[in-house]
Amino acid sequence: MFSRPIASLCSLSALHRHDLTNQEWASLQPILPSTTRRGGRPHLDDRTFLNAVLWLLRTGSPWRDLPPCYGNWSSVATRFYRWCQRAVWQGLLERLQQLSEQR
């Protein structure tokens, strides 16, 4: 199907055309939960993590098909489910709705 390996597809601009813009990121960044690390793997930055989740939602692909440029699929999945358990997604949605109503 592709003549290039999937890792090189991450360098193509078409793959990133739906990533968060700088303006969208500037709106989201202040309302994200603060993260504290206690060892383990290096932390995937929030913007890359959100772009990974958006890519998965947009494509309907399984976790394991996440392109490497978005981080390790297992780490992204673990963080996604952790945010679900902590109601982070619900809090983000509520905050975005509040911001939308203020405009």
S.K.: Starting from W89, can I reach L96 by hopping between I/L/V/M/F/W/Y residues whose side chains sit under 4.5 Å apart?
M.R.: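 Same hydrophobic cluster.
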
S.K.: Check whether any side-chain heavy atom of L44 lies under 4.5 Å from a side-chain heavy atom of N72, and answer yes or no.
M.R.: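 They are not in contact (no side-chain heavy atoms under 4.5 Å apart), so the answer is no.
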
S.K.: Is the side chain of T78 donor-acceptor paired with the backbone N or O of S74 at a distance under 3.5 Å, no angle test?
M.R.: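 At least one qualifying donor-acceptor pair exists.
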
S.K.: List the steps, then state whether side chain to side chain contact (heavy atoms under 4.5 Å, CB included) holds for L32 with V88.
M.R.: CA-CA 8 Å; L32 293 175; V88 172; 5.9 Å; no

S.K.: Using a 4.5 Å cut-off on heavy atoms from C-beta on, say whether the side chain of D19 contacts that of L54.
M.R.: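 When only atoms from C-beta onward are counted, D19 and L54 do not touch, as no gap falls below 4.5 Å.
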
S.K.: Could you check Q97 against E101 for side chain to side chain donor-acceptor pair (under 3.5 Å), going step by step and ending with a plain yes or no?
M.R.: CA-CA 6 Å; Q97 288 173 331; E101 292 169 359; over 6 Å; no

S.K.: For the side chain of N51 and the backbone of R47, is there at least one donor-acceptor N/O pair under 3.5 Å apart?
M.R.: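 Such a contact is found between N51 side chain and R47 backbone.
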
S.K.: Quick check: is L20 connected to I31 through a chain of hydrophobic side chains (ILVMFWY, heavy atoms under 4.5 Å apart)?
M.R.: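 Yes: a chain of side-chain contacts under 4.5 Å links I31 to L20.
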
S.K.: Would you say L56 and D65 make side-chain contact, with heavy atoms under 4.5 Å?
M.R.: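 With C-beta onward as the side chain, the pair stays apart.
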
S.K.: Check for a donor-acceptor pair, side chain of Q29 on one end and backbone N or O of A26 on the other, with a separation under 3.5 Å.
M.R.: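 Here the side-chain-to-backbone pair does not exist.
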
S.K.: By the definition ring-ring contact (aromatic ring centres under 6.0 Å, His included), identify the one residue from Y70, F49, W63, W55 that meets it with F80.
M.R.: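 Filter result, single survivor: W63.
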
S.K.: Of the non-hydrogen atoms in G71 and L66, which two are nearest, and what is the gap between them?
M.R.: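 Heavy atoms of G71 and L66 come nearest at O-CD2, 3.9 Å.
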
S.K.: State whether the side chain of S27 and the backbone N or O of Q23 hold a donor-acceptor pair below 3.5 Å, judged by distance alone.
M.R.: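 Yes: the side chain of S27 pairs with the backbone of Q23.
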
S.K.: Return the CD to CD distance between Q90 and E94, rounded to the nearest 0.5 Å.
M.R.: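 Here the rounded value is 4.5 Å.
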
S.K.: Do W25 and D46 have side-chain heavy atoms sitting under 4.5 Å apart?
M.R.: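 They are in contact (side-chain heavy atoms under 4.5 Å apart), so the answer is yes.
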
S.K.: Could you grab the distance from atom NE2 of H18 to atom OG1 of T59, nearest 0.5 Å is fine?
M.R.: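 The distance works out to 10.5 Å.
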
